[in-house]
Every structure is written in structure tokens, then in C-alpha cells.
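The first residue of the sequence shown is numbered 1, and numbering continues consecutively from there. Atoms within each ligand, like the ligands themselves, are counted from 1 in listed order.
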Amino acid sequence: MGKKIFSGVQPTGNLHLGNYLGAIKNFVELNNDNENKCVFCVVDLHAITVKQDPKELRNNIRETVATFIASGIDPKKSIIFNQSQVTAHSEAAWILSCVARMGWLNRMTQFKEKAGKDKEKASIGLYSYPVLMAADILLYDSTHVPVGDDQKQHLELCRDIAQKFNNDYKIDNFFKIPEPLIQKEFSRIMSLKDGLKKMSKSELSDLSRINLTDEKDQIIMKIKKAKTDALPMPSNIDDLKERPEAKNLIGIYSSITGLSLEKSIHNFSGENFSKFKENLAEVLVEKLTPISLEIRKLLNEKNYLDQILSDGCKKAHEIASQKVKKIHEIVGF
Ligand code: AMP
Ligand code: TRP
């Protein structure tokens, strides 16, 4: 049976290889299966949980749409829209925040990481962020949510909220309990400068990530400069245990080429890193440069991008507003 897919990406700029391999590549595969109904949301309400420059935010919203399309998501098949334009998301988030428990949110590791030492100064939005995410997912009766590994805990919270709402109001199955879709291997792409840190938009050094808008020469240079260790290339999976950088680079190679990890290791076993890096850069350039060219082209077609969003918003509104109406009835408004 077809799946109902929902996922979101924050329009905070610098979409990178981690976003692509952890999430967007998966979106494209799900979009290509005609049995599925897919909704891909540019989560601008989530973006403002930390300070954003309004002009940059507006550009980043379009850039995220351009990235979806350049990566292969077909706006005729999937709904692409931005969250702020479908008010049902904020409305449902409020109601769900009355269902979610403080104790549950207090366990969220992403809040702890993002708020850092000075929690008192974090926005309330940053704290309740996963409740809004639950609203996003539950409004569309989503059955499957493709995300990177870092969102697993938020998905579990979403399931708890759905369950508690159904129990509290004694309506079995009103909210569908969604399943996460997380890549089995390499669901977490690490920084090119530190194999123990996640590749991230917010990392200061641009050398730590490959941006989806990087050009050929930048990709080659960043892979050349990527951190490795002093040993030759590994010969088997066990060799990767204490070698986070080698593991990450081989993982990227295997994700991009679709070769198994064993086969990827076998292809370069015992070689030195420079030969492997040349190959890795080559497959990355082959895969990513058409995407980055297309992103740049689409960014000059603002009207086209805006039209996609406004068409998507209409379709999303139809679904989400119906669900909010039912929620109102259930709650007693
Ligand atoms: P964000 O940019 O935080 O909105 O993330 C968009 C999607 O990319 C989410 O599904 C994340 O889980 C995924 N993602 C972000 N960073 C990484 C990473 N380093 N490795 C794998 N997936 C990631
Ligand atoms: N929190 C997700 C991230 O930062 C983005 C997101 C918002 C999302 N709403 C969602 C992902 C709903 C999946 C489903 O990556």
C-alpha cells in the first residue's frame, strides 16, 4: 500500500551533503514511487526559533524549494509548501502543547545542544520546537517520516503526543502513529574536519561541509583537505571502529555510489587516502554539480519558485484545515 509521507527542512541556508544523504535523497526516492503521497514542507516557523535575518530567511525559503526541485522532487507529484502560510500548523501546535508534558520535552537532546549553557536565554519556541514538528506530521495523517538520525527523538515524542491525544479524548486512531524512515547506514554524516561531530549548517568552518551549492573546485578542495588518519585505507568493517574520519568518508562514498560498505572498503583496501579521495571527489562532483547548477538556475526564476509554494500551500491548507476542524470538535471548541 502507498505511504503518506511528510518531512520538513529548515530554510536556514547552507543545505549540505548531510541534508542530502540523510534526508533529501530519500525524499526523491519516495516521491518517485507513484503509490506514495508526499508532502515536503519548508519549515520557516521552526527556523525563527533562533534569530534570522528577514531578508536572508526569504531567500533561504526559495533556496530550499530550489534544492528540493534540483534534487529531483517533482512538484506535480508532491506537495511543496512553506509552513507559515498554512496557519493550521501553529493552531494545532498550540493544542498539542497542551497535550505534551514538560517531562517529555525536558529530555530532548537537540534543545540541550542548541540552547547550550545559557538555557535561560533560549527562546520558548526552541524549547517547544518538537511540538510544532508533531503538529506538522499529524495534520496530514502521515504514516512515514523520512529524516536523518538526529530527528529520531523528535519522532518518538510525536508518537507519544499522538497516542496521548487519542487516549485522552478516547478516539482510537484519530492521529495516525507515524513511523520514522531513517537510512540504515550512514544516517548521520559527520563533519569533514571532525569525525565525531555532525556535519552542520551552523558549523563556522565552511571546510567542514560540502554545500549543495558548492562548485566542482570547492568540492575537490574540501575533500582534499578533509581530515583523515595516518593509517592506510581500512581492509574490513572492524578496521573502522576507532577511525571516525575514515568511517565517515567511506560511508559518504558508499551512500553516493549505492555500493555496499563492504564493497566500498574492498575497492580501496590498503591504498593510501589520496587515491581514495580522488575517487570520492569524482563521484561527489558527478552527483552534486548538476544539482548545484540547477539550484543556481532556479534561483533566478523567483516567480516559478513562488508559484510552486503558493500551489503547494493551497493543497496543504485543504488537508490541514480539515484536520484542525476535527481537532476543534474533539477538544470542545
Ligand atoms: P535541518 O537542516 O536541520 O532542517 O535538517 C533537514 C534534514 O536533514 C533532517 O531530516 C535532518 O535529520 C537531516 N540532517 C541534517 N544534518 C544531517 C547530517 N549531518 N547527517 C544526516 N542527516 C542530516
Ligand atoms: N526538525 C526537523 C529538522 O530540523 C525539521 C522538521 C520540522 C521536520 N517539521 C518536521 C522533519 C516534520 C520531519 C517532519 O531537521
Side-chain angles (χ1 to χ4, degrees), residues 4-28 30 38-50 52 60-61 63-64 67-68 71 79 81-84 86 89-90 92-93 96 108-111 113-114 125-126 128-159 161-162 178-203 208-212 244 247-248 251-252 255-256 316 320:
K4 283 191 181 172
I5 307 292
F6 187 100
S7 197
V9 174
Q10 298 190 66
T12 38
N14 289 339
L15 282 174
H16 52 70
L17 186 65
N19 295 124
Y20 180 73
L21 294 178
I24 298 172
K25 183 167 155 268
N26 225 348
F27 298 177
V28 176
L30 292 161
C38 302
V39 181
F40 297 116
C41 185
V42 180
V43 291
D44 47 10
L45 296 173
H46 278 108
I48 64 161
T49 54
V50 296
Q52 302 293 331
N60 286 335
I61 292 170
E63 189 169 316
T64 310
T67 305
F68 284 171
S71 305
I79 299 178
F81 76 107
N82 56 328
Q83 196 185 26
S84 61
V86 178
H89 289 249
S90 337
L96 296 182
M108 295 296 116
T109 54
Q110 182 175 294
F111 174 76
E113 276 164 24
K114 287 201 176 167
L126 190 67
S128 61
Y129 174 117
V131 179
L132 175 61
M133 178 163 161
D136 298 342
I137 296 167
L138 299 176
L139 280 173
Y140 297 85
D141 294 330
S142 317
T143 59
H144 293 82
V145 182
V147 279
D149 176 70
D150 60 341
Q151 296 301 315
K152 199 169 161 193
Q153 198 184 29
H154 290 162
L155 246 297
E156 278 157 17
L157 182 89
C158 171
R159 291 164 59 95
I161 293 176
E179 297 288 334
L181 284 179
I182 298 176
Q183 314 268 65
K184 278 193 198 69
E185 277 175 336
F186 302 105
S187 54
R188 182 180 287 251
I189 303 297
M190 308 312 271
S191 155
L192 299 179
K193 287 284 154 199
D194 179 350
L196 298 175
K197 257 191 176 167
K198 198 178 75 166
M199 184 178 285
S200 151
K201 296 169 179 175
S202 50
E203 178 66 42
S208 70
R209 65 181 161 260
I210 297 201
N211 301 305
L212 295 179
K247 184 172 172 197
N248 188 42
I252 292 174
S255 271
I256 283 278

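- Side-chain contact between Leu155 and Ile137 is present, with at least one heavy-atom pair separated by less than 4.5 Å.
- Atoms of ligand 1 found under 4.0 Å from any heavy atom of Arg188 (numbered from 1 in listed order, with element): 20 (N), 21 (C).
- Contact annotation for Met190 and ligand 1: no heavy atom of the residue comes within less than 4.0 Å of the ligand.
- Which of Asn19, Leu155, Ile24 comes nearest to atom 8 (O) of ligand 1 through a heavy atom is settled by distance: it is Asn19.
- Polar contact with ligand 1: present for Asp150 (N/O pair, distance under 3.5 Å).
- Not one N or O of Ser7 is nearer than 3.5 Å to an N or O of ligand 1, by distance alone.
- With salt bridges taken as basic N to acidic carboxylate O contacts below 4.0 Å, one links Glu203 and Lys197.
- Of the possible donor and acceptor atoms, one in the side chain of Asp44 sits under 3.5 Å from a partner among the backbone N and O of Ser84.
- Listed by chain and number, residues touching ligand 2 at under 4.0 Å (heavy atoms only) are Phe6, Ser7, Gly8, Gln10, Val43, His46, Tyr129, Met133, Asp136, Ile137, Val145, Val147, Gln151.
- Side-chain N or O atoms of Thr143 include one that pairs as donor or acceptor with a backbone N or O of Lys4 at under 3.5 Å.
- Taking 4.5 Å as the limit, every side-chain heavy atom of Phe27 sits out of range of all side-chain heavy atoms of Ser71.
- Counting the atoms of ligand 1 from 1 in the order shown, those under 4.0 Å from a heavy atom of Gln10 are 3 (O), 4 (O).
- Scanning all protein heavy atoms for the shortest distance to atom 2 (O) of ligand 1 gives Lys201 NZ, 2.6 Å.
- At least one side-chain heavy atom of Phe40 sits less than 4.5 Å from a side-chain heavy atom of Ile5.
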Derivation and outcome, side chain to side chain donor-acceptor pair (under 3.5 Å), residues Gln110 and Asp150: CA-CA 8 Å; Gln110 182 175 294; Asp150 60 341; over 6 Å; no
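- Below 4.0 Å from some heavy atom of Ile189 lie the following atoms of ligand 1, by number and element: 18 (C), 19 (N), 20 (N), 21 (C).
- With hydrogens and angles disregarded, no donor-acceptor distance shorter than 3.5 Å links the side chain of Arg209 to the backbone of Leu17.
- Below 4.0 Å from some heavy atom of Val147 lie the following atoms of ligand 1, by number and element: 10 (O).
- Closest protein heavy atom to atom 23 (C) of ligand 1: Gly18 O, 3.4 Å.
- Proximity of His16 to ligand 1, defined as any heavy-atom pair under 4.0 Å, is confined to the side chain (atoms from C-beta onward).
- Ligand-side atoms of ligand 1 in range of Gln151: 12 (O), range being under 4.0 angstrom from any heavy atom.
- Leu138 CG to Met133 CE: the interatomic distance, rounded to the nearest 0.5 Å, is 10.5 Å.
- Atom numbering of ligand 1 starts at 1 in the shown order; those under 4.0 Å from a heavy atom of Gly22 are 21 (C), 22 (N).
- Between Leu15 and Lys201 there is a side-chain heavy-atom pair separated by less than 4.5 Å.
- Of all the listed residues (Ser187, Ala23, Gly148), Ser187 holds the heavy atom that lies closest to atom 21 (C) of ligand 1.
- Considering backbone and side-chain atoms alike, Val9 places every N or O at 3.5 Å or more from each N or O of ligand 1.
- Contact annotation: the side chain of Val145 never approaches that of Pro180 to less than 4.5 Å [non-hydrogen atoms, C-beta and beyond].
- Looking at Asn26, its side chain never comes within 3.5 Å of a backbone N or O of Ala23 through a donor-acceptor pair.
- The aromatic ring centres of His89 and Tyr140 sit less than 6.0 Å apart.
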